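Below you'll find the structure, written out as structure tokens, and then a few comments.
What you see is a predicted model; the values in this text were computed from it and never measured.
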Amino acid sequence: MPQHYDLFINNRFVPAVSGETFESVNPHNGAVVGRFARAKKEDVDLAVASARKAFDEGPWPRMSGEERGKYIRALADKISEHTPAWLPLEVEDSGGTVKKLQGDFWVSGNHLKYFSKLAEHALDDTLSDATREGSSKNMIVRKPLGVCAQIIPWNFPLMMAVWKLGPALAAGCTLVLKPAEETPLTAMLFAQAVQEVGLPEGVINIVTGYGEEAGAALVNHPGVDKVAFTGSTEIGKLIMGEAACTMKRVTLECGGKSANILLEDADLDIAIDGSLYAAFFHSGQCCTAGTRLLLPESRKKEFLDLLVERAKQIKVGNPAEKSTDMGPLISQKQLDRVLGYIEKGKAEGATLLLGGHRLFDSGFYVEPTIFDNVTPDMTIAQEEIFGPVLSVITYKTEEEAVQIANNSIYGLAGAVWSKDTDRALKIARAMRTGTVWINEYHILTEKAPFGGYKQSGIGRELGPDSIKAYTELKHIHVDELKSREKKFWYDALLKPVSLSKT
Ligand code: ADP
């Protein structure tokens, strides 16, 4: 019998008001992993009311940043403590390989520790230059923004939860988190850790359910002050529009179509393996995936031969086996979508060099797939596929490479591979993306911002400013003149006009 998980509202586990549930399935074999409460509007109302009360009346926004930091640190420690138990369950729920999830869990704990430290000084007041002794004091004050709805995707379930709730908690906000319906498991395990840590009631609420039900109810809720979303560009745009009704603050981290540029002086061994990692890590289900590989015409054949040879060595299979490099896609929907793009690539005239088929009789597996002779206008060069499909595009000059890289509605990430760092830096600066790696890929640090240009999103996560996205700025003017006659408005408006005749 699959385990049943309730919603987490006001530090208690409660079933959905309707009593309805939905199932998450193991992408490796389609087996049911867990049964989850299906939150709808009435449940979202309860979760928001709980977060609202915790924000408006509870201790969380009122305690010192240092105290909040201690709670966040305790949550980070819970991730390390529970990793051995949670990780195998997450393999089943998300289809992530053991290798990938070991990284995710470690990073999630570390990032949460970083947010716990940021909490200590997040809301320190500063004085503005406008302050004049004896005249006025002008304080710039940061206050927690309020109740936040946090909607996350299925590709990095725990890490995305941490990126959202970490800075929100540090700033003193309260929140309602909605994990993706495909991967609700780790969020509910994390809820157990919230109970263990004894976080004040209502600070973290977690509702499982569908995007168009629970997600939409959160986005439309008048009691929510901000929506932080990671997911598709399509839904990101929808959320931005809906949020306008109540002028909620929004941060969006959406799609990508990252260009990965190999210069002719790149170190071949590193650049080719790095490019495979860029494209095929987590079966290409990363918003930063390097799905457009730009090769110099002068060395294309040599680069491409090695790429295909090495790609054949990628071990695709059961993600629970430690030696597996690439696991399944998340769902049947995603499998159909990816196979559809492969057909489109062929139909538009790209050359299928490797893969292109579904693998195995069960599970949502697709082979690592490489297309050559892709032109920048083709669908597979423009649209985000979110699967293991790499499009190879050839360029003649560096200028052309930059132009092709920037020819996208997206601007999330990209990379340049070269032995000449100055040369690579020039290209990195010209690329219109939020992250550029030089001789590296996918690596992120909690100490630098992450987010996109153009239709890849709005705002940044991680980095020292990440908490600011969960605050409102306030100016407090303290008058120190203490004399009515000295005030600028006295002359202008209220000074008695002398009507005496001369
Ligand atoms: P993907 O295409 O990667 O599945 P989505 O953008 O559809 O990504 O989903 C990302 C998250 O957004 C999920 O938690 C999903 O439930 C949620 N979501 C989907 N549709 C909506 C919506 N209309 N309003 C709010 N949230 C939504």
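- With rounding to the nearest 0.5 Å, the separation of NZ in Lys454 from OH in Tyr410 is 11.5 Å.
- A distance of 11.0 Å separates OG1 in Thr288 from CG in Asn260, rounded to the nearest 0.5 Å.
- The closest donor-acceptor contact from the side chain of Ser283 to the backbone of Gln285 lies at 3.5 Å or more, if one exists at all.
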(message) As a quick check of understanding, evaluate salt bridge (Lys or Arg N to Asp or Glu O under 4.0 Å) for Asp269 and Arg310, giving each step before the final call.
(response) CA-CA 10 Å; Asp269 268 335; Arg310 297 259 171 98; 2.7 Å; yes

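- A distance of 13.5 Å separates CG of Asp104 from CH2 of Trp86, quoted to the nearest 0.5 Å.
- No donor-acceptor contact under 3.5 angstrom links the side chains of Gln382 and Ser408, judged on distance only.
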(message) For a salt bridge (Lys or Arg N to Asp or Glu O under 4.0 Å) check, start with the C-alpha distance between Glu213 and Arg38, then their side-chain angles and the critical distance, and finish with the verdict.
(response) CA-CA 9 Å; Glu213 292 181 347; Arg38 177 174 171 177; 2.7 Å; yes

(request) Kindly indicate, with the supporting measurements, whether the criterion side-chain hydrogen bond (donor to acceptor under 3.5 Å, both in side chains) is fulfilled by Ser24 and Asp93. (result) CA-CA 7 Å; Ser24 83; Asp93 200 42; 2.5 Å; yes

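- Counted by atom type alone, Ser323 and Lys315 present one or more donor-acceptor pairs between their side chains at under 3.5 Å.
- Glu384 places a side-chain N or O within 3.5 Å of a backbone atom of Gly256 that can act as its donor or acceptor partner.
- Side-chain N or O atoms of Glu90 include none that pairs as donor or acceptor with a backbone N or O of Leu101 at under 3.5 Å.
- In summary, the side chains of Thr351 and Asn373 do present a donor paired with an acceptor at a separation below 3.5 Å, with no hydrogens or angles considered.
- No donor-acceptor pair under 3.5 Å is formed between the side chain of Glu321 and the backbone N or O of Asn318.
- Within the 4.5 Å cutoff, side-chain heavy atoms of Leu295 are placed close to those of Val392.
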(message) Quick one, His28 with Phe364, criterion ring-ring contact (aromatic ring centres under 6.0 Å, His included). Give me CA distance, side-chain angles, the key distance, then yes/no.
(response) CA-CA 7 Å; His28 167 62; Phe364 312 124; over 10 Å; no

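- Asn205 places a side-chain N or O within 3.5 Å of a backbone atom of Gly202 that can act as its donor or acceptor partner.
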(message) Does Tyr470 form a side chain to side chain contact (heavy atoms under 4.5 Å, CB included) with Lys164? I'd like the steps, not just the answer.
(response) CA-CA 10 Å; Tyr470 288 94; Lys164 295 281 176 287; 4.3 Å; yes

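- Between the side chain of Asp43 and the backbone N or O of Ala16, no donor-acceptor pair lies under 3.5 Å.
- In Lys117, the NZ atom is not crowded: 12 or fewer heavy atoms of neighbouring residues, nucleotides or ligands sit closer than 6.0 Å.
- In this structure, a donor-acceptor pair under 3.5 Å is absent between the side chains of Thr21 and His4.
- Between the CD1 atom of Ile385 and the OG1 atom of Thr379 there is a distance of 9.0 Å, given to the nearest 0.5 Å.
- In this pair, His442 and Trp437 present their aromatic rings perpendicular. The plane angle is above 60°, beyond the 30 to 60° band.
- In this structure, CZ in Phe229 is found 12.0 Å from CD1 in Ile458, a value given to the nearest 0.5 Å.
- If you take CD on Glu196 and CZ on Phe190, they are separated by 10.5 Å, rounding to the nearest 0.5 Å.
- Heavy atoms from other residues, nucleotides or ligands lying under 6.0 Å from CD of Glu42 number more than 12.
- Between the side chain of Thr433 and the main chain of Gly411, no donor-acceptor pair closer than 3.5 Å is present.
- A 6.0 Å sphere centred on CG of Asp361 holds no more than 12 heavy atoms belonging to other residues, nucleotides or ligands.
- Separation of the Trp163 and Phe115 ring centroids does not fall under the 6.0 Å cut-off.
- With Val389 as the fixed residue, the side-chain contact (heavy atoms from CB on, under 4.5 Å) test singles out one of Leu339, Thr291, Ile342: Ile342.
- At distances below 3.5 Å, at least one donor-acceptor pair connects side-chain atoms of Arg358 with backbone N or O atoms of Gly363.
- Between the side chains of Lys237 and Gln455, at least one donor N or O sits under 3.5 Å from an acceptor N or O.
- With ring centers used as reference points, His82 lies 6.0 Å or more from Phe105.
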(request) Go through the steps for Ile404 and Leu294 under the test side chain to side chain contact (heavy atoms under 4.5 Å, CB included), then give the verdict. (result) CA-CA 8 Å; Ile404 294 170; Leu294 273 57; 3.9 Å; yes

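- For the pair Lys100 (side chain) and Met326 (backbone), a donor-acceptor distance under 3.5 Å is absent.
- Checked by atom type and distance alone, the side chain of Gln334 pairs as donor or acceptor with a backbone atom of Phe386 at under 3.5 Å.
- You'll find the ring centres of Tyr441 and Trp417 outside the 6.0 Å limit.
- Between Leu177 and the choices Val207, Ile206, Thr208, the side-chain contact (heavy atoms from CB on, under 4.5 Å) rule is met once, by Ile206.
- Atom NZ of Lys344 has 12 or fewer heavy atoms from other residues, nucleotides or ligands within 6.0 Å.
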